[in-house]
Amino acid sequence: MVKKGRVFSGARPTGRQHLGNYFGAISNYVALQEEYDCVYCIVDLHALTTLESTRDLRKNTLEMAWDWLAAGIDPVKSIVFVQSMVRQITELHTILSMVTPLGKLTDLPTFKEKVRENPHNINYGLVGYPVLMSADIVLYKSNFVPVGIDQSPHIEFARETVRSFNFRYNTNALIEPQAKFTSFPKIMGIDGVNKMSKSLNNDIEIAATPEETTKLVMQMVTDPQRQRRSDPGNPDVCNVFSLHKIFTSPEQVASINSECRRAGIGCVDCKKMLAANMNDYFTPLRARRMEFQKDPDVTWDMLRDGAKRASVIAETTMVEVRKAIDLP
RNA sequence: AGGCCAGUAGCUCAAUUUGGCAGAGUGCCUGUCUCCAAAACAGGAGGUUGCGAGUUCGAUUCUUGCCUGGCCUGCCA
């Protein structure tokens, strides 16, 4: 089968993944595998820019890999690996940093945001984050990078870096990637206010047990106006309802919509249905994950195998890059 | 390399003046109330005060060495 080109995506090893990760990225990764050559990378070096301790780094890498594999990211169809396993990334990062004006880096919104979040640890690597990201993309000769609209400055940065390199060394060794925008449903946390996020502690892990899932769903914030069971509710402002749209059949969604508005069902009823549907949805994924969890070495071997395949592409790129620069 | 400032609960910071039981706000957990949640109220957990040494009856506080971060100066390239 002829594929439409190569897709690259990297994600920091944040451990067990939640609903936001799943519907924002993972399920898209799975879908893209059919039509594209996909390279999916757990970017542990990127994580070092903001990590104060690496104690949990391996564990978080493994936990995320398990969620990816269980979700259907196929290590045979796609190349799945850990960033640091392919050493060429650091070489290309260094080389690309030499064609990068510092001002471009400090102007990026993400950098300013990180500075605000973490003002006591502004390290060199953090500033160069987009350079490393660009290196990731071009090292594997990627054509497309699936991103949300908020990431478009970074892809534009990568494109400029490629043009800058190719022009300076009079080559076409590096391929200019394109952003591949996908509209993801925005998953709100159980607080109903913020985007679902591990650090805000408002997330539901896809691999949580049915009991944990149900407990968290029952804790979700609902329409604050609906105080009593007999009050009519407004699904339009209720985060439980927005999750129903993802996990629940259209018929049942329609029924919940109208029953909530006429106080035919209460929030407890509504949440119980959601938890049940959510657990049904993730049952096969959780079963597959359990299999992987039995032997971590199997997963590490898969990742190392992915790294081996990635290295072949990486070295091809680096041979061209070194030649263009005329490095010995 | 030198000078100055800072480091206290997950986070933001008090307490240091004049050494005397290490606190508040916020977040987190529990309870009451709610169909659930929210809000409100009540309760609870959370600390090697960056690390070590010294002075002292007693050190978050004073002295000193080190670590980390920030600002300034110098030096090398």
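Computed from a prediction, not measured in an experiment: that's the story for all the values here. Convention: sequence-line order gives letters A, B, ...; per-chain numbering from 1.
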Candidates [options] - which lies nearest the side chain of [X]:
{"X": "A/M218", "options": "B/C28, B/A37, B/C36", "value": "B/C36"}
{"X": "A/V268", "options": "B/C28, B/A37, B/C35", "value": "B/C35"}
{"X": "A/C267", "options": "B/C28, B/A38, B/C35", "value": "B/C35"}

Mutual orientation of the aromatic rings belonging to A/Y281 and A/F247 [parallel < 30°, tilted 30-60°, perpendicular > 60°]: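 Because their plane-to-plane angle is over 60°, the rings of A/Y281 and A/F247 count as perpendicular.
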
Given RNA chain B, 5'-ward residue of the pair A/L200 and A/I190, judged by closest heavy atom: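 Looking at the nearest nucleotide for each, A/L200 comes out on the 5' side.
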
Same cluster (ILVMFWY, side-chain, under 4.5 Å), A/M188 and A/L19: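 No, it is not one cluster - the side chains of A/M188 and A/L19 are not joined through contacts under 4.5 Å.
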
A/Y29-A/F23 co-clustered via ILVMFWY side chain contacts under 4.5 Å: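 Looking at the clustering, A/F23 is in the same group as A/Y29.
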
Could you measure between the two [atom1] atoms, the one in [N] and the one in [M], and give it in whole Å?
{"N": "B/C62", "M": "B/G58", "atom1": "C1'", "value": "13 Å"}
{"N": "B/A45", "M": "B/U30", "atom1": "C1'", "value": "10 Å"}
{"N": "B/U63", "M": "B/U17", "atom1": "P", "value": "11 Å"}
{"N": "B/U55", "M": "B/A15", "atom1": "P", "value": "29 Å"}
{"N": "B/U61", "M": "B/G50", "atom1": "P", "value": "8 Å"}
{"N": "B/A37", "M": "B/U32", "atom1": "P", "value": "10 Å"}

Intra- and interstrand pairs of RNA chain B - dot-bracket, Watson-Crick/G-U under 3.5 Å, | marks other strand: (((((((..((((......[..)))).(((((.......))))).....(((((..]....))))))))))))....

Touch class at under 4.0 angstrom, heavy-atom based, for A/Q219 against every strand present: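 If one applies the 4.0 Å heavy-atom cut-off, A/Q219 turns out to touch the sugar-phosphate alone, with no base involved.
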
Touch class at under 4.0 angstrom, heavy-atom based, for A/D269 against every strand present: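 Nothing, no heavy atom under 4.0 Å.
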
Basic-acidic side-chain contact under 4.0 Å: A/K308, A/D301: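 Salt bridge between A/K308 and A/D301, a charged N being under 4.0 Å from a carboxylate O: no.
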
